[in-house]
Amino acid sequence: MRRHADTTSVNTQRCRHDVLMPRSNAGIKRNRRPAGELTKSLQVRVAEHTLEEIRAAAKASGNISYSLYLERIVAMLADERGALPVFVDSEETHTAAA
C-alpha cells in the first residue's frame, strides 16, 4: 500500500486530501551544478527589478539556475579583481534601506 501521493496525470498529482494539484517542474529545465556538490543555502531579498534582471541573465546564460548564475558572477569578479568588491556604506544607508 502506497502512503505517498498517487500520480493521476503528467501535469497533476493527488495529494493526501484527494485534491488535484499541479506538479512542480522546478529544476527540470534549468542547468544546475553537478549532483553531490556540497552547497549552503542562502536566502536573500532583492528589489523586483533586480530579480527580473537576474532571471533574464540566467535564462540568456543557458537557462542556468539563479544560484549557479550568482556563483559565476562571484567567480568572474574575483578573477577580474583578485577579490570580491567591498562596499563602504554609511550607517544611515543601512537604516534607510531597512
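Hydrogens, waters and symmetry mates are skipped; everything else that's a heavy atom, side chains included, is used. Predicted model, so just to flag it, every value in this text is computed and none were measured.
Atom CG of Leu51 is separated from atom CD of Glu53 by 10.0 Å, given to the nearest 0.5 angstrom. Put simply, CD on Glu71 and CE on Met76 are 14.0 Å apart, with the number rounded to the nearest 0.5 Å. Atom-to-atom distance recorded for Ile64:CD1 and Leu70:CG is 8.5 Å, nearest 0.5 angstrom.
Under the salt bridge (charged side-chain N to carboxylate O under 4.0 Å, His left out) criterion, the residue pairs touching residues 54-65 are Glu52-Arg55, with sequence neighbours excluded.
When every heavy atom of Ala58 is checked against every heavy atom of Tyr66, the shortest pair comes out as CB-CD2, 4.0 Å. Here the shortest heavy-atom pairing between Leu77 and Pro85 reads CD1-CD, 4.2 Å.
In this structure, the side chains of Ile54 and Thr50 come closer than 4.5 Å at one or more pairs of heavy atoms.
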